Amino acid sequence: MVCRLVAFAWAFLLVCPSIGWAHSRRADPDAWWRAWNWDPLIVLSLVLLLLVYCRGLGRLWTRVSVGWKVSPLQAACYFCALAILFVALLSPLDALSEELSSLHMVQHMLLMTIAAPLFVVGSPSLVLAWGLPEVWQGSVGPLARFAFRLPSASLLWRPLLTWMLFAATLWVWHHPALYQAALRDPLMHDVQHLSFFVAACLFWRMGLDPLSARRLRPVVAIPYFFSTSLHATALGVFLALSPRVWYDDYVTRTQAWGLMPLQDQQLAGLIMWMPACLIYPIVAAILLGGWLASQGETTTRGNRPMRLTATEG
């Protein structure tokens, strides 16, 4: 009964979001730390993701063994991802993102380049499935198996498609018309954030999924991540070096925070250009290092001389 009530509450908030609540409070320069966004849909979603994961992890480790399929480090990555989502979507950063383009860029960076890869490393599909109530597993299991047999499911494991989906999501939402529509419409803003996070999870899953045999080999994952760094850097450069302001909605807001509109946009471009885009080559370098180390171990084992025992001699 409780599970049904929770599911009904979440579905109701999903269909009828509290538009007046979400993004309704502007940050005051003198008291910006008070501008928390307690959107009930986001709060309930994060709480459900936390509780179901904890239940699934406990059942998985109790019935098999601690660390089976999901190590403590992977679980810690998942919890860190939820904490970062909390900071990005519910803390005063959310209200500040409506005042400054630079902080809006920080919010997007947290969603796409930090929370998403940590979320993927935590193996959420496996653990959350173990955490579902038994009454749901009977209906969710067959539905999930049917969904994974659909052609669209295999398409989401094609590197070129996920690469293009991630790139298109990043570039299209930074078009002035769509970007400012998200600033003005709370529901559109939520859709923007959801599309950023989902596209990023699909993108990072290709190279970081700890369970799937379809994960890219490092020799393929390296150009996959490095090329993403190139086009994301280009977008950051365009923002930072543009002689005019892209988003007019910020023109009347930035001066209260001690920045001219163009300075704020340049700072946003630099944030995307430098720290955000460094994540991709760093991950590529880590994968390359791990791959070279594994190749070295394989070569060492292959070249190790055989030792004959006295009886064999």
Side-chain angles (χ1 to χ4, degrees), residues 14 22-23 36-39 41-54 56-57 70-98 102-128 131 156 162-163 165-167 169-170 173-174 182 189-212 215 221 224-225 228-229 232 235-236 268 271-272 274-284 286-287:
L14 182 65
H23 310 290
W36 291 82
N37 169 32
W38 298 114
D39 184 342
L41 176 60
I42 299 175
V43 172
L44 183 58
S45 298
L46 292 179
V47 170
L48 284 177
L49 287 172
L50 176 63
L51 295 180
V52 176
Y53 190 90
C54 288
L57 197 64
V70 182
S71 67
L73 180 58
Q74 289 176 249
C77 288
Y78 180 89
F79 295 135
C80 287
L82 293 186
I84 292 168
L85 289 174
F86 177 86
V87 171
L89 301 176
L90 298 176
S91 77
L93 177 62
D94 184 64
L96 290 170
S97 69
E98 295 192 0
S102 53
L103 292 182
H104 207 168
M105 186 64 70
V106 171
Q107 186 183 41
H108 294 169
M109 183 185 74
L110 291 177
L111 291 174
M112 303 181 77
T113 62
I114 300 181
L118 290 175
F119 190 85
V120 167
V121 170
S123 301
S125 58
L126 172 67
V127 181
L128 292 176
L156 295 177
T162 55
W163 188 95
L165 177 64
F166 183 78
T169 304
L170 181 66
W173 275 113
H174 281 87
H189 206 171
D190 289 339
V191 171
Q192 181 193 53
H193 287 166
L194 183 61
S195 62
F196 275 153
F197 186 68
V198 170
C201 285
L202 292 174
F203 170 82
W204 288 105
R205 182 184 61 162
M206 295 298 301
L208 300 181
D209 192 312
L211 298 177
S212 177
R215 184 178 65 247
Y224 177 81
F225 288 122
T228 298
S229 174
L235 179 57
I271 291 171
M272 174 177 280
M274 301 297 180
C277 290
L278 278 177
I279 301 294
Y280 307 106
I282 288 174
V283 172
I286 292 173
L287 293 175

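For the numbers below, each heavy atom of this structure counts, side chains included, while hydrogens, waters and symmetry mates do not. Just so it is clear, the model here is predicted, and its values are computed rather than measured.
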Which atom pair, heavy atoms only, marks the closest approach of [X] to [Y]?
| X | Y | value |
| --- | --- | --- |
| Pro210 | Gln74 | CG-NE2, 3.3 Å |
| Ala75 | Leu57 | CB-CD2, 3.7 Å |
| Ala268 | Met105 | O-CG, 3.4 Å |
| Val87 | Leu93 | O-CB, 3.9 Å |
| Asn37 | Ile42 | ND2-CD1, 4.3 Å |
| Leu118 | Ala81 | CB-CB, 3.8 Å |

In the structure I gave you, are the side-chain heavy atoms of [X] and [Y] within less than 4.5 Å of one another anywhere?
| X | Y | value |
| --- | --- | --- |
| Tyr78 | Ser123 | no |
| Trp38 | Val43 | yes |
| Met272 | Leu170 | yes |
| Leu41 | Asp190 | no |
| Leu96 | Val106 | no |

- line: Only residue of Ile279, Leu278, Thr228, Val283 satisfying side-chain contact (heavy atoms from CB on, under 4.5 Å) with Thr113 is Ile279
Straight-line distance of [X] [atom1] to [Y] [atom2], nearest 0.5 Å:
| X | Y | atom1 | atom2 | answer |
| --- | --- | --- | --- | --- |
| Leu103 | Asp94 | CG | CG | 11.0 Å |
| Thr162 | Tyr224 | OG1 | OH | 3.0 Å |
| Leu211 | Ser125 | CG | OG | 6.5 Å |
| Cys77 | Leu82 | SG | CG | 11.5 Å |

message: I'd like to know if the side chain of Ser229 reaches the main chain of Cys277, judged simply by a donor and an acceptor atom lying under 3.5 Å from each other, with no hydrogens or angles considered.
response: yes
- request: For Ser91 and Ala88, indicate whether the former's side chain and the latter's backbone hold a donor-acceptor pair under 3.5 Å.
  value: no
- request: Just do the side chain to side chain contact (heavy atoms under 4.5 Å, CB included) check on Asp39 and Leu89 with the steps written out, would you?
  value: CA-CA 9 Å; Asp39 184 342; Leu89 301 176; over 6 Å; no
query: In a check of ring pair (Phe, Tyr, Trp, His ring centres under 6.0 Å) between Phe119 and each of Tyr53, Phe79, Phe197, which one passes?
result: Phe197
- request: Could you check whether the rings of Phe166 and Tyr280 sit parallel, tilted or perpendicular, using 30° and 60° as the cut-offs?
  value: perpendicular
query: Using 30° and 60° as the class limits, which term best fits the ring planes of His108 and His104: parallel, tilted or perpendicular?
result: tilted
- request: Tell me whether the centres of the aromatic rings in Phe225 and Trp204 are closer together than 6.0 Å.
  value: yes
